[in-house]
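A short worksheet on the structure shown next.
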Amino acid sequence: MSDSVPETEIPADAPEAEGVAQGYDPAAPAPLDVPRTPTGNAEVDAQLDRLADTDHLATDGHVEVYEDVHRGLRDALTALDARPGPPGPPQP
């Protein structure tokens with residue numbers, strides 16, 4: 001008795017066969033289609049839009065984009081701290 005599984009041929013009209021014939025590569029980068037809701041802050045929204053760049057990169061290319069977005073978000077938060085706030089109560 002053999003533990004091997006017999007190989008089966010995929011019919012030419014099967015969807016999988018069509019995808020392969022049309023150049024479909026299941027290992028190729030594919031969009032995650034994660035919705036990004038605008039925040040109303042242009043700087044933050046630009047960084048969130050930058051995340052879409054990962055949709056066309058292999059996994060090892062994601063790190064550079066994530067680090068860039070993280071840096072941009074950190075800069076946006078730092079800029080909020082640098083803005084003058086409302087005047088405080090008068091000192092006695």
For this session: Specify the closest pair of heavy atoms between Q47 and L73, including all atoms of both residues, with the distance to one decimal.
Result: CB-CD2, 3.8 Å
Seminar exercise, completed: R36 and A52 have their tightest heavy-atom pair at NH2-CB, 3.0 Å
For this session: Could you note down all residue pairs passing ring pair (Phe, Tyr, Trp, His ring centres under 6.0 Å) where residues 67-92 supplies at least one of them, sequence neighbours left out?
Result: none
Exercise. Taking only residues at least two apart or on different chains, which pairs with a member in residues 33-65 satisfy ring pair (Phe, Tyr, Trp, His ring centres under 6.0 Å)?
Worked result: H62-Y66
Exercise. Transitively linked via ILVMFWY side-chain contacts under 4.5 Å: L57 with L48?
Worked result: yes
Seminar exercise, completed: For residues 57-71, the salt bridge (charged side-chain N to carboxylate O under 4.0 Å, His left out) pairs (sequence neighbours left out) are R50-D68, D68-R71
Exercise. For D45, what residues pass the side-chain hydrogen bond (donor to acceptor under 3.5 Å, both in side chains) criterion, not counting sequence neighbours?
Worked result: T39
Output a table of donor-acceptor pairs, distance under 3.5 Å, between side-chain atoms of residues 75-82 and any protein atom two or more places apart or on a different chain; print 'none' if there are none.
residue : atom : partner : partner atom : Å
T78     : OG1  : R74     : O            : 2.9

